[in-house]
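Beneath this line is the structure, given in structure tokens, with notes to follow.
Hydrogens, waters and symmetry mates are skipped; everything else that's a heavy atom, side chains included, is used. Throughout, a chain's letter reflects where its sequence line sits, starting with A, and its residues are numbered from 1.
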Amino acid sequence: MINPNASTILSVKNLTANVDGTQIIKGLNLEIKSGEIHAIMGPNGSGKSTFSKILAGHPAYEVTSGEIMFMGQNLLDLDPEERSRSGIFLAFQYPLEIPGVSNRDFLRVSCNAKRKHESLEELDPMDFDDLVYEKLELLKMDSEFLDRGVNEGFSGGEKKRNEILQMALLEPKLGVLDEIDSGLDIDALRVVSSGVNALSNENNAMLLVTHYQRLLDYITPDYIHVMAEGRILQTGTKELALELEAKGYDWILEGATV
Amino acid sequence: MSIEVKLQGHELTDAEVNPTIAASKAQIKVDRTAYLTDLVKLRNPEIPDWMQQTRDHASAIVQELAIPSSRDEDWRFTDLSALLATQFKSVTEPSALGFEQIKSYMLPESVNSRLVFVDGVYAADLSAVDDLPEDTLVGSLAQVQEFLPQVSDYFAKQPGGEEVFTALNTSSVIDGAIVWIPKDQIVNTPVHLLFVATGTAEFLIQPRVLIIAGSGSDVTVVEDYVTLNDRAYCTNSVAEIQVDNNAKVNHIRIQRDSKSAFHIGKTAVSQARDGQYSGIAVNFGGAIARHNWEIYSNGEQTHSQLLGLSWITDDRTSDTHSLIAFSKPHCTANQINKCIADDKSHGIFNGRICVPKLAQQTDAKQLSRSLLLSPKARIDTKPQLEIVADNVKCAHGATVSQLEDDAVFYLQSRGIDSESARKLLTYAFATEVINEIKVDSLRTKLQEMVRSVTEA
């Protein structure tokens, strides 16, 4: 929801970034306020996944100029774990499998890292179980998920649900969802979307990075940004997505080069 | 498998070039042979009659051999010169230990199915075998032949007995552990064979294990090497396991010898038709540790599973040489060997799988995964597949890696700092093997042990 008086959560100005010496992000500007849902769309190789990883602090990407302010602090000063504890959450396009660590232990360690940061008491396994069972319901996940290795042998849909489960536990200020819809069948997409909708509120913001209009049938964004060549070329409301669906990206890309 | 002494072939060439080098090399050869002969002299002369012939035969083999050097293909990466530099002694006066000293190693699951050996000598007062089905026989090998004469049909009968350290063990044997499970007997209690090294002197300890699982039987045996102190003693163990038709043996071998000790261990398994062998080998100890793990599949439809984990630190060496030798059709095997090498340590894995013409329809998988935690650590890993049969599935793979940056980042992005993330991933790498241990207290204990190593 758009509220002109809402506080700014994320402010990106003139961001440029390299990977292995090649410039991928070429002057990106974006402002996200509390309560808003933004979607970044764009063709393959436009830099949208790169941008989401930069927000989370992936070491492979080097920010060469510009700034990212998150909740009033310079995000680029923070390590990835500090960003997470301060309230940035990246749902991975390809969540990693960690056999040997149970999902339950992983979620608890992660949840407690955040609580410690907020000077809250860490949860013991019993209290944590109460919390996690409540969140499992939201994502229609069976409790046996907790006893399996992190993402080990999970289907594509199960991995994505597990990402949203983590977001539900960590309650971030900004959820960055990188292609959360890729590889999902329609039922899984519904579950994941309704999870995201349930978690979205006036005190946080969501940034969806997606390739497909279909996700936006389930999660209604306040703003849509079209990204190409490492920049945002056009910003609009949800109607823009329909236009993109009908006409493709070319008209925007052509317009930008003129 | 035999160990060749290849030094001789080089002497002539060296003599032509430089007689001094030739002389010093000849000296090494003499040393390695003489050293081995000296080790045989440490044996106890009191021996049960029924073992005499076997022991004499092994002594004759040992006389022809020497301690292997890096010129022997099977010992290419494992340098035994530190062993040669150590003067070992025999255990003349076995230490009397109390329960207090071994308490932390005892398994609640095996309170009444436990044999304890202290520096290789059977400790009847620490052992208890009241909890086993009536017809099973778990006890001291030396005393058993009287009421179980068949035991001599199995003792020292596994292939590979002419290998130098196996022959050394057999040439010196006076006792050992016997686990005899009769036909169709299901033993629910794990049998714990606890080999305690007092670690107070440079003892040469030569444990011996004989496990015979009669047809249709099912048993779990934990072969456990522990130490109370950290002197540079030497454990040279041999375990022979016979899996009869349709029998199932779960074998868990834990090597937690002293970090200054030498550990050379042999596991030789023969499987008859439909026999299942499931082995887990965990190696934590030893300055130089070597495990020769040999599976001989002698019948159709056998299944063998081998899971190995070595975790080494400092400048220690851990070497696993495995062999899975098929001989009949329709057999399966699954092997995963993992090694974690930190500091300047050196991990070695050589996984040989033989599939002769007769062994059609074999399905064998081998995976070697190594984790290097330090830039100075070293791993040598080698699959050695010898396949003659033309209708088989044999898959093998080997990875040597550092912790994956993406995996570390994934954990960091969930608020876990990079050091904790690395520890957690290392722990996970190790526990993938440990989690397969079906004896709860042992699994938990090893998980804690791994956790404390990662936290260190």
*Measure the acute angle between the ring planes of H346(B) and F77(B), then classify it against the limits of 30° and 60° as parallel, tilted or perpendicular.*
perpendicular

*In terms of heavy-atom proximity below 4.5 Å to chain B, should P172(A) be classed as side chain, backbone, both, or neither?*
neither

*Can you label the angle between the F145(A) ring and the F154(A) ring as parallel, tilted or perpendicular, going by 30° and 60°?*
perpendicular

*What are the residues of residues 69-79 of chain A, in order of number, with any heavy atom under 4.5 angstrom from a heavy atom of chain B?*
none

*Plane angle bin for F106(A) and Y410(B) - parallel if under 30°, tilted between 30 and 60°, otherwise perpendicular*: parallel

*When you measure from the centre of the six-membered ring of F429(B), is the NZ or CZ of K338(B) under 6.0 Å away and within 45° of the axis?*
yes

*Sort I434(B) into side chain, backbone, both or neither according to what part of it lies under 4.5 angstrom from a heavy atom of chain A.*
neither

*Would you mind reporting whether D224(B) and R256(B) have side-chain heavy atoms less than 4.5 Å apart?*
yes

*Between D405(B), L411(B), N435(B), V408(B), which shows the greatest number of heavy-atom pairs under 4.5 Å with chain A?*
L411(B)

*Mind checking whether H38(A) and H225(A) have ring centres under 6.0 Å apart?*
yes

_Heavy-atom pairs under 4.5 Å with chain B - which of A56(A), A60(A), P80(A), G57(A) has more of them than the others?_
P80(A)

_Over-ring placement of R104(A) relative to F128(A), 6.0 Å and 45° cut-offs_ = no

_Among the listed options S86(A), S102(A), G149(A), P95(A), the residue most often paired with chain B at heavy-atom distances under 4.5 Å_ = P95(A)

_Quick check on side chain to side chain donor-acceptor pair (under 3.5 Å): which of K160(A), Q93(A), H211(A) does S182(A) satisfy it with?_
K160(A)

